[in-house]
Amino acid sequence: MSGSSPPSGVRRGEIVAALSMATDLAMGQPVEFALKSCLLGMRLGEALRFSGEELSEIYFQALLRYIGCNAETYSIVALFGDELSLRRDFALVDMAKASEMAAMVLRHLRSASAEAGALDAIFAIAKGFLVAQKASADNIAAHCEVADRLAERLALGPGVRRNLGQIYERWDGRGLPNRLKGEAIAPAVRVVVFAQDVVVLGAAHGAARCAELLGARRGRIYDPRIVDRFLGEQDRFLAGLDEASSWDAVLALEPARREPLSEEAFDEACLAMADFADLKSPHTVGHSRRVSQLAADAARRCGLSASDAADVRRAGLLHDIGRVGVSGRIWLKPGPLTDSEREQVRLHTYYGERALSRSPALARLGSIVAQHHERLDGSGYHRGARLLSPQARILAAADAYCGKIESRPHRAALSAEGAADALRREARAGRLDGDAVAAVLAAAGHRGAARRTLIGGLTEREIDVLRAVARGLSMKEIGRQLGISPKTVDNHLQNLYGKIGVKTRGGATLFAIEHGLTDLDP
Ligand SMILES: [Fe+2]
């Protein structure tokens with residue numbers, strides 16, 4: 001995954017591990033589920049004397065096993081309602097045991113039709129049973145295909161990509177999608193499937209029952225050699241797994257090529273993460289790419305530095321990664337949300353921030369992501385913050401604009417003009433930043449959108465002062481020109497020094513040159 005562009009400071013392991021935190025949420029699993037199973041899988045692989053190549057496959061597959069999970073979420077939601085709780089239960093059952101599967105399917109079909117009348121519910125459940133089997137086979141095939149394509153875009157090797165197509169295969173040949181049997185399943189797949197079940201079953205049932213279930217599934221779901229190796233030395237394999245955070249331990253195990261990704265490869269990875277998030281709902285397909293493009297254009301119009309504008313562009317791609325942790329039942333609900341559903345929606349910015357929080361380079365983007373639904377009057381979420389960075393103001397405006405020109409289950413898309421009017425109203429009400437809205441509207445091609453500036457969080461008056469300083473005017477001259485007292489000029493000057501991080505007129509002048517302020521019309 002190298003390129004000719006300069007290094008980005010982000011390692012591939014950090015991207016993959018951050019994605020694994022998002023897929024944990026999307027599968028209804030606890031935080032660090034994938035990280036823990038990665039550590040356990042690596043321990044098992046080493047104990048079984050796997051080759052370096054196979055260990056590398058275990059590593060990436062354990063972290064990315066569920067990267068295709070958002071594919072066709074709407075079809076699961078239509079049938080079962082809450083796909084997160086379905087996936088959580090699905091991870092616990094033996095798919096080939098008809099009685100276990102039927103009980104689980106029935107439970108979820110029942111809860112999906114809980115609000116229907118008795119007759120409608122019976123009809124829905126009967127119909128659900130008929131289509132559930134085909135739907136789950138189709139869904140698994142889609143899951144595998146999407147995983148393979150995303151893995152290709154993350155420049156993971158052919159082994160990992162092949163393996164991601166085998167994640168629902170079983171030792172006894174009764175798995176999906178290809179009913180591969182025994183040794184025909186890649187060794188890394190056999191280890192990862194087993195390691196993930198150890199983590200899931202252990203958390204759900206405790207160590208003793210977990211060991212019983214693993215034994216019962218020996219030769220059915222799992223390779224007997226792996227089960228025997230694990231059960232022989234369970235304590236050693238599980239040592240410390242639940243104690244500390246697994247993030248650092250997993251990053252320390254990252255296979256070869258630990259150098260930072262090139263800027264170009266980092267962009268590719270962000271695009272893959274954007275598409276992964278947007279697959280969650282047909283209404284959001286392509287949303288993150290649109291937001292990113294618009295926000296990046298607006299950031300340039302606002303005069304943000306190249307590196308701040310790049311952060312806005314990438315944060316635009318990653319801004320909705322936390323959506324995967326909120327049920328599709330809510331995102332796809334055609335009617336108004338209940339209070340508790342709204343609370344869950346509000347969590348998506350928090351989830352996004354947390355998934356990106358462990359890696360320092362990603363955390364910088366995570367802090368912008370966290371603010372994309374905040375509003376300047378404190379009415380936004382998830383913190384109700386009022387003090388927003390210039391990057392966050394631009395992202396919030398771009399996201400609001402794109403959201404309005406896209407349809408949502410409860411409303412049709414607004415026209416471009418309708419969206420622009422709505423954004424202007426938000427700016428007038430003091431919720432969105434007026435300069436950011438103007439820049440976004442200009443970037444979206446709205447005529448009449450004034451060319452405004454939002455540089456380093458400066459007000460328009462501070463920018464007037466900065467431009468005058470850059471022209472070498474004295475305090476008195478600036479005051480005269482702007483019709484304000486020299487004392488007020490000085491106040492503006494001190495404020496802007498603080499905002500742009502300079503101490504002198506020379507420093508301020510250089511900043512003005514760097515940001516093209518000398519070219520602006522007086
Ligand atoms: Fe969002």
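Every number for a ligand or one of its atoms is a count from 1 in the order of the listing.
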Under 3.5 Å, sequence neighbours excluded: what are the donor-acceptor pairs made by side chains of residues 56-63?
residue, atom, partner, partner atom, Å
E57, OE1, R162, NH2, 3.3
E57, OE1, N163, ND2, 3.0
Y59, OH, V250, O, 2.9

ask   = With a cut-off of under 6.0 Å to the ring centre and 45° to the axis, is R323 in cation-pi contact with Y351?
value = no
ask   = If you leave out waters, which protein N, O or S atoms are less than 2.8 Å from the Fe ion (ligand 1)?
value = D320 OD1, H348 NE2, H372 NE2, H373 NE2
inquiry  = Which label fits H373 and Y381: parallel for a plane angle under 30°, tilted from 30 to 60°, or perpendicular past 60°?
reply    = parallel
Charged N-O contact under 4.0 Å between K280 and D320 = no
inquiry  = Less than 4.0 angstrom from a charged side-chain N to a carboxylate O is my criterion; do R358 and D248 meet it?
reply    = no
query = Are R313 and D267 ion-paired here, with the side-chain N under 4.0 Å from a carboxylate O?
reply = yes
